[in-house]
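Here is the structure we will look at, set down as structure tokens.
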Amino acid sequence: MAKIQAIRGMNDILPTESPTWQYVEHCFQRVAHRYGYREIRFPVVEQTQLFKRSIGEVTDIVEKEMYSFDDRNGDNLSLRPEGTAGCVRAAEQHGLLYNQQQRLWYHGPMFRHERPQKGRYRQFHQFGIEAFGMPGPDIDAEVILLSANFWQELGIADSVTLELNNIGSAADRRAFGVTLAEFLRAHSDRLDEDSRRRLDSNPLRILDSKVPATRELLADAPVLADFINAESVEHYTALKQLLQGCDIGFVENPRLVRGLDYYNNAVFEWTTSALGAQGTVCAGGRYDTLVEQLGGRSTPGVGFAMGEERLVLLLEELALLPDEARGGVDIYLAAVGDELTGQALAVAETLRQELPGLKLLVNCGGGKYNSQMKKAFNSGARAAIVLELEHGESAPVTAVRLRTLDDAGDSENIALEDLPGRLREKFEFLT
């Protein structure tokens, strides 16, 4: 019988890889809490209409990429392709938005049926930030500052670039879309097939094309900036001034658009040149009409999402993984002789209680001294504690041997009662 394999584009995260993911997740949580954002958790499955009404029915996500199905009750459901719509639904359903300000963060898997490639998978993981009830550019700036602080936390601030654009209101984009489509139809022979398909459904998405010939044509196309209303221009100008006042560098990209219909006014992306084609590591902006679109009262919003897979790839590419992201254990505890198994487990429990920061692995399954030491070295531990009966002794033992697991292999005998204190002295991370 053939072995069952994982679904293409839905990857396992193995024990050797998960410490890196945990490191990135803990960094994000620390930064979000530092800014006063609170965690919200919502389901991975929602009513399909939630995404059609928020993302837009003529977007690639809704048209081609969502995992949608009818359940046993006949309800059409979808695995969430992004987090903002679900966050809005949850916050509105539980009364968190009306006449309130909310700063929220979330983390979890998203799903899109697209061609898998490096940094772009069918099940992927995102961090998200959403802020509600604040219409001014100060909250836009705060959200961007939070993301910049996260880059500092990871040590990648010099490897990412902030790109900004003002996409105005939905009415501004409709007017621009008509003019843009007219221009592109006059040169349709120079467009790629995907862009020609978008001419009638969503011409603004053509601005995001990566096809060289299409990008060359767009250099002479009308620009959205000429269609933006005065209020949006004022908001965007104030945002840029706030970022400059906080020493946040940026470049303005007039071709930057978002693939989700709910965005308006200021949008942004953090990009890197270290990951090839998958260069966007974070993207977001304002969505002041989304809550109302989903049945709530008019509520301004702003947020971003960042892909965890790409962050992990970026850290690996830049060789910026600290020791804590590499996993492993601190101490390996070996007991030579079956009669010492019970005492070894008891000693381990005492050490875990007295040294909460200690990562300790106990040898299980017995084995001779050399066999257990081989396992100790393979575990990546810094040192081994060995319980072993000397000639003429009987269990339990009153002293253990502490051996460093390096080329020197230094060892010392320590009374059991002195062991926690000696470990604190020897290893700085336990103090």
Side-chain angles (χ1 to χ4, degrees), residues 12-27 29-30 153-156 312 315-431:
D12 302 306
I13 300 171
L14 302 179
T16 53
E17 302 164 331
S18 59
T20 300
W21 289 67
Q22 292 167 5
Y23 166 73
V24 174
E25 290 159 10
H26 292 161
C27 285
Q29 291 172 17
R30 284 198 299 270
E153 190 88 359
L154 293 179
I156 62 174
V312 169
L315 288 172
E316 293 172 345
E317 183 70 25
L318 299 175
L320 289 175
L321 291 175
D323 289 341
E324 65 182 290
R326 303 182 191 279
V329 296
D330 302 319
I331 303 291
Y332 192 94
L333 196 153
V336 183
D338 292 342
E339 61 269 55
L340 294 178
T341 299
Q343 187 179 6
L345 292 172
V347 169
E349 289 307 296
T350 298
L351 291 175
R352 291 181 181 120
Q353 291 173 13
E354 296 198 24
L355 302 169
L358 178 67
K359 292 180 286 186
L360 187 148
L361 185 63
V362 177
N363 181 83
C364 290
K368 295 182 179 180
Y369 174 79
N370 287 341
S371 172
Q372 294 192 45
M373 284 300 99
K374 183 177 180 180
K375 293 178 181 177
F377 277 102
N378 289 340
S379 74
R382 310 183 192 207
I385 295 171
V386 183
L387 279 69
E388 188 173 16
L389 290 172
E390 298 293 338
H391 182 69
E393 284 187 335
S394 60
V397 299
T398 58
V400 298
R401 183 148 46 100
L402 178 64
R403 175 184 171 178
T404 59
L405 297 176
D406 53 20
D407 292 338
D410 296 331
S411 65
E412 59 182 300
N413 292 325
I414 303 171
L416 273 177
E417 60 186 20
D418 298 331
L419 184 56
R422 181 65 184 120
L423 291 176
R424 286 193 189 93
E425 292 174 0
K426 194 171 183 66
F427 301 109
E428 293 182 359
F429 66 90
L430 294 175
T431 57

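All residue numbers refer to positions in the sequence shown, counting from 1.
- You'll find the side chain of Val312 reaches within 4.5 Å of the side chain of Glu316, heavy atoms only.
- How far OH of Tyr23 is from CD of Glu153: 7.0 Å, rounded to the nearest 0.5 Å.
- Between the NZ atom of Lys426 and the CD1 atom of Ile331 there is a distance of 9.5 Å, given to the nearest 0.5 Å.
- To the nearest 0.5 Å, the span separating CG on Leu405 from CG on Asp410 amounts to 11.0 Å.
- A donor-acceptor distance shorter than 3.5 angstrom exists from the side chain of Asp406 to the backbone of Ala408, with no hydrogens or angles considered.
- In terms of heavy-atom proximity, Ala335 sits nearest to Ala344 at CB-CB, 3.7 Å.
- Using a 4.5 Å cut-off on side-chain heavy atoms (C-beta onward), Leu361 and Lys375 make no contact.
- Not one N or O on the side chain of Glu412 forms a donor-acceptor pair closer than 3.5 Å with the backbone of Leu402.
- In this structure the side chain of Val397 never reaches within 4.5 angstrom of the side chain of Glu388, judged on heavy atoms.
- A distance of 13.0 Å separates CG of Asn363 from CD1 of Ile385, quoted to the nearest 0.5 Å.
- The side-chain heavy atoms of Leu389 and Val336, taken from C-beta on, include no pair separated by under 4.5 Å.
- Looking only at side-chain heavy atoms (C-beta outward), Val347 and Leu333 come within less than 4.5 Å of each other.
- Phe427 has its side chain out of reach of Leu358: every pair of non-hydrogen atoms, C-beta onward, lies at least 4.5 Å apart.
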Exercise. For Met373 and Val386, run side-chain contact (heavy atoms from CB on, under 4.5 Å): C-alpha distance rounded to whole Å, both residues' side-chain angles, the deciding distance at 0.1 Å, then the answer.
Key: CA-CA 9 Å; Met373 284 300 99; Val386 183; 3.8 Å; yes
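- Listed here is the closest heavy atom pair of Tyr332 and Ala381: N-CB, 3.8 Å.
- For the atom pair CG (Asn413) and CG (Asp418), the distance works out to 12.0 Å, reported to the nearest 0.5 Å.
- Residues in residues 336-354 take part in these salt bridge (Lys or Arg N to Asp or Glu O under 4.0 Å) pairs, two or more places apart or across chains: Glu349-Arg352.
- For the pair Gln343 (side chain) and Leu340 (backbone), a donor-acceptor distance under 3.5 Å is absent.
- No side-chain donor-acceptor contact under 3.5 Å links Asp330 to the backbone of Leu360.
- The distance from atom CZ of Arg382 to atom CG of Leu423, rounded to the nearest 0.5 Å, is 11.5 Å.
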